There are 2 protein chains.
Amino acid sequence: MASGQGSAAVMERRLAAAEGQCIRAGVQLTELRRQVLALVLQAEQPLGAYALLDRLKEQRPGAAPPTVYRALDFLLEQGLIHKVERLNAFVGCVGAGHDHHAGHQHAHQFLICGQCGQTTEISDPAVTRALAEAAARSGFQAGHAVVEVEGRCAACAA
Amino acid sequence: MASGQGSAAVMERRLAAAEGQCIRAGVQLTELRRQVLALVLQAEQPLGAYALLDRLKEQRPGAAPPTVYRALDFLLEQGLIHKVERLNAFVGCVGAGHDHHAGHQHAHQFLICGQCGQTTEISDPAVTRALAEAAARSGFQAGHAVVEVEGRCAACAA
DNA sequence: CCTGTTCGGGTTATATAGTAACAGAACCCT
DNA sequence: AGGGTTCTGTTACTATATAACCCGAACAGG
Ligand SMILES: [Zn+2]
Ligand SMILES: [Zn+2]
Ligand SMILES: [Zn+2]
Ligand SMILES: [Zn+2]
């Protein structure tokens, strides 16, 4: 079986969903952007921009930092990937392609295992609500929230 | 009035509290560490490591990146400052010196104004609890959590 | 006193992360 | 053809963070 978050078939399905989402949004999932998205999706763990760049160079020898950062910016805007601030790394959005938040960023949280590096995306309404209430209590107009919990995943805890 | 989060007298009080906390913890708040802490405390906004380094050089001309990073690591361990991951910058802990969490890190959240850059530290029990529950629900042993909300502060919203 | 050890810090070099600025290609519209 | 927009290539640079090594002060045990 292929490496990464799923088989090659699953990857193709996710890429196709991304394609459709971009068409509906009136933006272009170009070859470059598709390649970078594929690299992010097939990784088991969050990948840094330069790790992605190294892999991208195999397909696109002339690639340089701006190449990958521009693609990442696009994918972030479309909500197809997220950035893990704590790791300076990027992961595919697990919800992308599910119509309930098609096309743009959504509230989410990360659970980062310090042992194996596995990063799990969740989207817990209670957390989102508690955060919104806490912000409002300070008279703060809340926008996007970075929420990243470090600890041990279920597998590593055992 | 002096710049920063408070007057010179307030600064001295906070530094003295830090001193006492370090003594109780059996660690040394050396001159260098005290200088870096003072620089962080007197800033109105989170400061990056290199901004701190520039200011530190005025007192300590030979200072280099490791100089400031080592001091910051120490202050982080002692819970005297926090890092704002989203900004790669550091702020003094507003709770340091208050006995209820003397000596080490505590759960906290940041409200970051995208307009004026002001960053407010809060420690909302409901957020902390919601996060702990969400993590537990995924079988995740939660440790420290990075929680940083971007938006507009009350002043800038008006 | 000597000696091993720990800790803090100086110094140099390097690694990693991110952006600015400009040029060219491709495409669409008139 | 001309002129706009979008996307990518390319070069150079800035910003953030760490590795590795050395040295001196402080201290403990012999
Ligand atoms: Zn997501
Ligand atoms: Zn794990
Ligand atoms: Zn604090
Ligand atoms: Zn503001």
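Owing to the predicted nature of the structure, the values given are computational and were not obtained by experimental measurement.
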Next on the checklist: Donor-acceptor pair, distance only, cut-off 3.5 Å: does the side chain of Gln115(A) make one with the backbone of Cys153(A)?
Outcome noted: no
Checklist entry - Could you give the start and end, 5' to 3', of the contact zone on DNA chain D for chain A, using atoms under 4.0 Å from its heavy atoms? => result dT6(D) to dT11(D)
Item to check | Separation of dT16(C) P from Tyr69(A) OH (nearest whole Å) | outcome: 12 Å
Item to check | Residue list, side-chain hydrogen bond (donor to acceptor under 3.5 Å, both in side chains) with Gln59(B), at least two apart or on another chain | outcome: none
Item to check | N or O in side chain of Lys83(A) less than 4.0 angstrom from dA17(C) OP1/OP2 | outcome: no
Contact list (N/O, under 3.5 angstrom) for nucleotides 9-12 of chain C vs protein:
unit_1	atom_1	unit_2	atom_2	d
dG9(C)	OP1	Thr30(B)	OG1	2.5
dG10(C)	OP1	Arg60(B)	NH1	3.0
dG10(C)	N7	Arg70(B)	NH2	2.5
dG10(C)	O6	Arg70(B)	NH1	3.0
dG10(C)	O6	Arg70(B)	NH2	3.4

Next on the checklist: Counting primed atoms plus P, OP1 and OP2 as sugar-phosphate and everything else as base, spell out the protein contacts along nucleotides 24-30 of chain C at 4.0 Å heavy-atom distance: B, S or - for each nucleotide, 5' to 3'.
Outcome noted: -------
Item to check | Side-chain (Glu44(A)) to main-chain (Gln118(A)) donor-acceptor, under 3.5 angstrom | outcome: no
Item to check | Heavy-atom check, side chain of Lys83(B) versus side chain of Asn88(B), under 4.5 Å | outcome: yes
Next on the checklist: Using a strict threshold of under 4.0 Å (side-chain N to carboxylate O), is an ion pair present between Glu19(A) and Arg34(A)?
Outcome noted: yes
Next on the checklist: Tell me the interatomic distance from Asn88(B), atom CG, to dA17(C), atom P, rounded to whole angstroms.
Outcome noted: 11 Å
Next on the checklist: Less than 4.5 Å apart, side chain to side chain, heavy atoms only: is that true for Val91(B) and Leu47(B)?
Outcome noted: no
Checklist entry - Where does the angle between the aromatic ring planes of His108(B) and His106(B) fall among parallel (under 30°), tilted (30 to 60°) and perpendicular (over 60°)? => result tilted
What pairs of donor and acceptor atoms, side-chain ones from residues 138-147 of chain B against any protein atom, are under 3.5 angstrom apart with sequence neighbours left out?
none

Item to check | Heavy-atom donor-acceptor pair, Ser123(A) side chain to Ala107(A) backbone, under 3.5 Å | outcome: yes
Checklist entry - To the nearest angstrom, how far is Leu47(A) atom CG from dT16(C) atom C1'? => result 15 Å
Checklist entry - Is it true that Glu85(B) and Arg86(A) make a salt bridge, defined as a side-chain N closer than 4.0 Å to a carboxylate O? => result yes
Item to check | Contacts of type salt bridge (Lys or Arg N to Asp or Glu O under 4.0 Å), residue Arg33(A), not counting sequence neighbours | outcome: none
Item to check | Between dG18(C) (P) and Leu52(A) (CG): distance, integer Å | outcome: 11 Å
